[in-house]
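To keep things clear, I will list the structure first and then write my remarks on it.
Throughout, protein chains are lettered first and strands after them, A, B, ... in sequence-line order, and every chain is numbered starting at 1.
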2 protein chains.
Amino acid sequence: MLSSDADGLSSRGAAVEIADRPRREVTLADVARAAGVSKSTASKALRDKYGVGADTRTRVREVAEKLGFRPSAVARQLTAGRTGTVGILTNDLEGRFVIPILAGAEDALGAGELSVILCDARGDAIRERRHLRTLLERRIDGLIVVGGARTEPRPSLGRDLPLPVVYAYAPSADPEDVSVAADDRLGGLLAAEHLWSIGRRSIAYIGGDPTYDASRERAEGARAALAALGGELITAPMSAGSWTERWGRLATARLLDEQPGIDAFIAASDMLARAALDVLRDRRLRVPDDVAVMGFDNWPIIVTNTRPELTSVDLGLQELGRYAASRIFAALSGEEVAPGLDLRPVRVVVRDSTVRNDVAAD
Amino acid sequence: MLSSDADGLSSRGAAVEIADRPRREVTLADVARAAGVSKSTASKALRDKYGVGADTRTRVREVAEKLGFRPSAVARQLTAGRTGTVGILTNDLEGRFVIPILAGAEDALGAGELSVILCDARGDAIRERRHLRTLLERRIDGLIVVGGARTEPRPSLGRDLPLPVVYAYAPSADPEDVSVAADDRLGGLLAAEHLWSIGRRSIAYIGGDPTYDASRERAEGARAALAALGGELITAPMSAGSWTERWGRLATARLLDEQPGIDAFIAASDMLARAALDVLRDRRLRVPDDVAVMGFDNWPIIVTNTRPELTSVDLGLQELGRYAASRIFAALSGEEVAPGLDLRPVRVVVRDSTVRNDVAAD
DNA sequence: CTGTTAGCGCGTTCAA
DNA sequence: TTGAACGCGCTAACAG
C-alpha cells in the first residue's frame, strides 16, 4: 500500500482542524500550537538555539516527537539559499567504472550531510542539457560530472555555472574547469617497475582498443619506466586491439610466437589479463614461474577468480569519487580550488600471478 | 574555479540593486521588473497560461532568456506540495545487481520528470534510518528500496510512511508492503526446459552459496520443470557451496566424476558456469556437443567473453527497476497498488554454449 | 526568554 | 488582459 493515515496526536486546541485532514504533513505551526508557544520559539527549541528555556525546549520536543514532526527541508532551503544537494551527472550509469566513483562520492557527500541527485544522460547531449537544467532549477549546491567508459576529455558544461563543478574520471576539455582522474600513465609505470623488481626483463604489453587514451597512456608509462631502467617494452601492433578476451587471447598468442623469451605480460585490463592466463595455461606455461601476468582495474570479481589470482593496478576509483566530493566541499567552504586536471595516484595490488604468496590451490 | 560571475543583464530600472550582488539567482521578480510587468503576469507568460497577451508573453520570455532566469524548483515545491523527487535507498551500491535496477529506475523516473535522490546505507541499519529521515524531510514523493546482494526478504521500513514505497529485488518482509523481484524459480524452470528441449536428459545443477534463497529457488524451479517432463535434476551436496569460480570448478569436477553421462549443466551464476566451462575444456569435453552449459544473470562481460559464449538466464533487472518506478507512478496518480510480492518474468538468452549458432571461432 | 513580523520565490486566487 | 495580495513552512530580525 502507499500513503498512510493520520498520526496519533489529538489533545490540545486544534483537534477539530487537524483531526482527519486528507494527508497533511505536521508543520511547525502545529507543533507550536500544540505546545502553546510561537513558531519561532518552537523552531529555536528544536534546534538548540540560545534563547529558550530548558523546560520549554523539552516540552516542545516532546510534542514534536508525539506529533511525528518532520521539519520540511524544502521550506528551510528556501530561506537558507542552500539545498544541501549535489548533482551527479553521468553518461554511463551501467558501466562498471562509474559505479565505484559514484559510491565513493555518495559516501563522502552523505557523511557531509549532502544528498545526491543522480542523473544519467546515457551519452545523449540533449538529455544532458535537460538534466543540467533540472539540476540548476533544483538549486543543487555542487555538481560532479562522472565520465563514462572513456577517459578522453569531454566537452565542458560551460564556465558560467553558478556553482562548483568537478569533472571526474573523464576530465573537461576546458582547462579552466576542475577535473580529477586516475593516473593511467603512473599505472603503467608502476606495473613495469613491479615486474622489473621481481626480475622480469622481457616484458610485453597487451593493449586494449588503441583508440582509448587509457590503453595508450598505460603503455607509455610502462615504456618510460623500462627505458629508465635500461629495458624495453615489447608490444604488438595494436591496430586491431579491443577490450575483448578474444583479442586478449589473440594478442597473447601472437606475442608468444613472435617474441620468444617473454617472461611477463602487462595487460591493459583484467579481462585481457585473464585471456592471457588462459592462453598460457593452454600452452602449459606456468604462472608466475615462467611468465608473470598483471592486469588493470583490480576488478574484484575477476582478479580473485582467476588461477592464479591476478596482480592488478587499482585505479582507486572509489577514492577518486571521494576526492571529487572533497573538491566540492572545499569550493563550498570558500576555498579556491585550482582549475585543471588533477591526476590521482593508483597502486599495484600484488597477487599470485606475479609473486606467489601461498600454496597454489586447485 | 567555481561560482561564476554576473550575467549580461543591465538596462532597465534596478541597475544599482542588482549590478554586483554577491551571487544571487535571477528571480521571477527580476524578470517581471525588467519586462515591466507584474510577477504574476510574468509567471503566466512563462508557462503558457491563458490570460496573457501574445506580445507580453514574448517580451517576458525574451527578458527571462536574456537574464538567464531559472525558476526555482525549491520555491515551486513549497506551494505545490510535491517535490518531483523519488528516493532510492540501497544497501549495496557497489554490488552489480543494484546497478541495472538503479539505471532502469532512474531512466523511467527521469522520463516522468522525477529526479532521483540516491542513498546508500551500506548495510548499516543506523545509516538506513538516517537516510530515510533525510529523505522524508526532503519530502520525496516516493521511495524505492533496492535490495543488495541477497534476495531474502528484508525488514520493512514500516507501514506508516506518508508516501508510496516499493521494495525491489529483495522484497519487504511485510506482506502489506509493495515488493517487486525477479522470479528465480521461473528462471530455473525455463533453464531446465530449454535444455530438455535441445535433447538433454541428464541435467546437473551447480549451486552457489546454499544459504542464498536465489540459489535454492533456481534449483527448485529446475527440479519442478524436470519432474513435470519426466526427468530428474542431478545435484551435488551443496553444503560447501559458494559463488566463487573455485567452487564452480570443484562442483563441476565432482559431478562429472560421480555422475557419468551428464550432458548439461545449469549453474546458479555466470561465474559458476564459466568455471564449469574451464573444467570441461580441461577435460577435453566439447561444449555444447558433449555437454551444454548455461548460467544465470546474463552478465554481459562474462557471457560474451567465454568460449563458447554462454547461454544464460537474464533476470531483467533493468526492467525490474523500470517496473518499480512504474509502481511509484501508479501510486502517485492515485491508483491502488496491490501489496505483496510481484514476481517479474525472466528469460533465457540462448548462445553457443547450449545451441551452436555459428562457426566456433578462436 | 519569548512572541511578532517579515521575508525566501513562486503560483494562484480574486479584483480591477 | 493585468496586478495586488496571500500562502506554502521555516528562519532570522526585531520587539516586548
Side-chain angles (χ1 to χ4, degrees), chain A residues 14 17-18 21-61 63-64 67-84 136-139 141 162, chain B residues 14 17-18 21-60 63-64 67-84 136-141 162:
Chain A
E17 190 190 339
I18 298 183
R21 270 295 162 48
R23 187 69 244 149
R24 217 208 33 164
E25 294 277 350
V26 178
T27 165
L28 181 63
D30 296 332
V31 176
R33 199 178 317 129
V37 298
S38 77
K39 288 196 300 176
S40 62
T41 302
S43 174
K44 288 176 203 158
L46 292 171
R47 290 175 307 133
D48 298 301
K49 285 274 181 173
Y50 297 106
V52 182
D55 49 339
T56 312
R57 185 198 328 286
T58 54
R59 182 159 42 92
V60 170
R61 296 203 158 178
V63 172
L67 265 51
F69 171 65
R70 296 189 180 294
S72 161
V74 179
R76 187 179 298 140
Q77 289 162 14
L78 192 57
T79 57
R82 305 189 359 150
T83 54
L136 291 175
E137 293 188 353
R138 288 194 186 282
R139 298 294 189 264
D141 296 329
Chain B
E17 189 191 338
I18 298 183
R21 271 295 164 48
R23 186 71 244 149
R24 217 208 35 164
E25 294 277 351
V26 178
T27 166
L28 182 63
D30 298 331
V31 176
R33 198 179 318 127
V37 298
S38 76
K39 290 196 298 176
S40 59
T41 302
S43 175
K44 288 173 198 159
L46 291 172
R47 290 174 310 127
D48 299 301
K49 285 273 183 173
Y50 298 106
V52 181
D55 49 340
T56 312
R57 180 191 340 279
T58 54
R59 181 158 43 92
V60 170
V63 173
L67 265 51
F69 170 65
R70 298 191 177 292
S72 161
V74 179
R76 186 182 300 136
Q77 288 161 13
L78 192 58
T79 55
R82 305 190 2 152
T83 55
L136 290 175
E137 293 188 352
R138 288 193 187 284
R139 298 294 190 264
I140 52 172
D141 296 330

Sugar-phosphate, base or nothing in reach of A:Val74, heavy atoms under 4.0 Å: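 Touches nothing.
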Using a cut-off of 4.0 Å on non-hydrogen atoms, how would the nucleic acid contact of A:Leu28 be classed: base, sugar-phosphate, or nothing? base
Look at [X] and [N] and indicate whether a side-chain polar atom (N or O) is within less than 4.0 Å of OP1 or OP2.
X	N	result
A:Arg76	D:dG9	no
A:Ser72	D:dG9	no
A:Ser38	C:dT2	no
B:Arg57	D:dT1	no
B:Ser40	D:dT2	no
A:Arg33	C:dG3	no

Hey, which sits more toward the 5' end of DNA chain C by its nearest nucleotide, B:Thr79 or B:Thr41?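 Its nucleotide being nearer the 5' end, the pick is B:Thr79.
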I need the CZ-C1' distance between A:Phe69 and D:dG9, as an integer number of Å.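 One finds 8 Å between C1' of D:dG9 and CZ of A:Phe69, rounded.
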Whole angstrom value for the distance that separates C1' of D:dC8 from CG of A:Asp30: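 Interatomic distance, CG of A:Asp30 to C1' of D:dC8: 13 Å.
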DNA chain D: 5'-proximal contact among B:Asp55 and B:Leu78 (nearest heavy atom): B:Asp55
By nearest atom, which of the nucleotides D:dC10, C:dC10, D:dT2 is closest to the B:Val52 side chain? D:dT2
